[in-house]
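These notes are about the structure you will find just below.
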Amino acid sequence: MDSKISVLDIDIDNCSAKEAMKKTMEYMGTEPVNIVEMATVGGLMQMDSMQQLKEDICRFDLILAGDKTILEAADITDRKHLQETEGRVFLKMFMRYLHKNHKRIYLLVESEAEGQAIFDYLQKNYYGLQVVGLAKVSASNRADDMLVNDINGGEVDCILAALASPLQEEFILKNKSLLDARLWLGLGKENIPVGKNGAGQGRIAQFFVRHIFKKEIEKSKRR
C-alpha cells in the first residue's frame, strides 16, 4: 500500500482492488471522515494548472486510478491491475460491502438526471441499500451549509460524490471537518455506475479526452 505513482503531479496509490478494499473497510470503522478519490482522466486534466489544489488532493487518504489510461501513463504494465481498473472491480466490491452491511449512503450529483440514473442503478443491482439522501451540488450556486446539515442529519456512513473536478475536490476539502460520516468516495463524472445503458454515453467524447490526456502526459515527461 506504500507504492504510489505520479500522474500530472497527483500521487495515486498503486494497489490491487483487494488492498484498496481492505483499507476502505478500515476507514469505515473509524472517525473522522476519510477521503477516497477515484482519479479520472478528465479530472486530472481539469486540475492540471491548479497546483495548490493538487497538493491538497495528494493528502487524501486513498487515491485510486479510475481509468486504466492513468495507469498506462505511469508505465504500469501489470495485466491484472489494468484489468481490475478497467472492470471497476474495487467499486463493485465496495458497493457489495455497503449493501451487505446495510450502510447508509448519501449521493451528491450535479443534475436530477444523473441522480435518478444512479438511484435506479442502485435499486436494480443493490436493492435494499439505504440511500438516505440525494442532493445536487452546483458550482455556480453553492449551498454547502445546507448540504452539510442535511448529510449530518441522515446519520450517514458513506457519501458518494459523482461530481466534476474541481468541484468535487473543492467541496470535500472545504467541508471535511464539518461532515459527520465515515467515508467520502469521490467517483467523478466518468465513474458514475449506471450500467450498460449509461456506459455507452459519451464514448466518442471520452476517446478524444483520453487522446488529449496521452499528449499531455508525453509533454509532461519531456519537461
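All residue numbers refer to positions in the sequence shown, counting from 1.
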Is a side-chain donor or acceptor of D61 paired with a backbone partner of I35 at a separation under 3.5 angstrom?
-> yes
After noting the C-alpha distance and the side-chain angles of M50 and D56, does the key distance pass the side chain to side chain contact (heavy atoms under 4.5 Å, CB included) rule?
-> CA-CA 10 Å; M50 303 175 179; D56 293 337; over 6 Å; no
Quick one: CG on L108 to CH2 on W184, what's the gap to the nearest 0.5 Å?
-> 5.0 Å
Rounded to the nearest 0.5 Å, what separation is found between the CG atom of L8 and the OG atom of S49?
-> 11.0 Å
Can you tell me if CD on E112 sees more than 12 non-hydrogen neighbours from other groups inside 6.0 Å?
-> no
Any side-chain heavy atom of K4 sitting closer than 4.5 Å to one from N14?
-> no
Around E155, counting heavy atoms of other residues, nucleotides and ligands shown, do more than 12 lie under 6.0 Å from its CD?
-> no
Rounded to the nearest 0.5 Å, what's the gap from CG on L53 to CG on D9? Could you check?
-> 12.0 Å
Between L91 and L185, is a side chain to side chain contact (heavy atoms under 4.5 Å, CB included) present by the stated rule, with each step listed?
-> CA-CA 10 Å; L91 183 56; L185 177 58; 4.1 Å; yes
Find out whether L107 and L122 are in side-chain contact, i.e. whether some heavy atom of one side chain is under 4.5 Å from a heavy atom of the other.
-> yes
Heavy-atom donor-acceptor pair, Q130 side chain to R104 backbone, under 3.5 Å | no
Any sub-3.5 Å donor-acceptor pair from N149's side-chain atoms to D145's backbone N or O?
-> yes
Do the charged groups of E26 and K23 touch, with an N to O distance under 4.0 Å?
-> yes
Rounded to the nearest 0.5 angstrom, the CZ-CD1 distance for R182 and I105 is 16.0 Å
Do F94 and K103 come within less than 4.5 Å of each other through their side chains, counting heavy atoms only?
-> no
Nearest heavy-atom approach of A39 to I12 is CB-CD1, 4.2 Å
Side chain of Y126, backbone of L98: donor and acceptor closer than 3.5 Å?
-> no
Here the gap from I172 atom CD1 to I57 atom CD1, rounded to the nearest 0.5 Å, amounts to 11.5 Å
Between G66 and T85, the two heavy atoms sitting closest are C-CG2, 4.1 Å
Of the options K100, R96, H99, which is the one that meets L129 in a side chain to side chain contact (heavy atoms under 4.5 Å, CB included)?
-> H99
Evaluate the side-chain proximity of M28 to N34: yes if any heavy-atom separation is below 4.5 Å, no if none is.
-> no
Can you tell if the side chain of N152 reaches within under 4.5 Å of the side chain of Y106, non-hydrogen atoms only?
-> no
Close side-chain approach of K189 and E114, heavy atoms under 4.5 Å | yes
Just by distance, do the side chain of E37 and the backbone of I63 share a donor-acceptor pair under 3.5 Å?
-> no
Under 3.5 Å, is there a donor-acceptor pair between the side chain of K92 and the main chain of G87?
-> yes
Quick one: does E84's side chain have a donor or acceptor within less than 3.5 Å of a partner on V89's backbone?
-> no
Got a donor-acceptor contact below 3.5 angstrom from the D67 side chain to the T69 backbone?
-> yes
Give, for atom CD1 of I118 and atom CD of Q116, the distance between the pair rounded to the nearest 0.5 Å.
-> 10.5 Å
If you look at every heavy atom in P166 and M47, which pair is closest and at what distance?
-> CB-CG, 4.2 Å
Inter- and intrachain pairs under salt bridge (charged side-chain N to carboxylate O under 4.0 Å, His left out), touching residues 166-181, at least two apart | D144-K174
Heavy atoms of L179 and V148 approach each other most closely as CD2-CG2, 4.1 Å
State, yes or no, whether a side-chain contact exists between F171 and I159 at a heavy-atom distance under 4.5 Å.
-> no
Can you find a heavy atom in the side chain of S165 that is under 4.5 Å from one in the side chain of L44?
-> no
Please name the pair of heavy atoms, one in L71 and one in A65, separated by the smallest distance, quoted to 0.1 Å.
-> CD2-CB, 3.7 Å
Check M93 against A17 and note the closest heavy-atom contact, atom names and distance.
-> SD-CB, 4.0 Å
Look at K136 together with E110 and state whether they make a salt bridge at an N to O cut-off of under 4.0 Å.
-> no
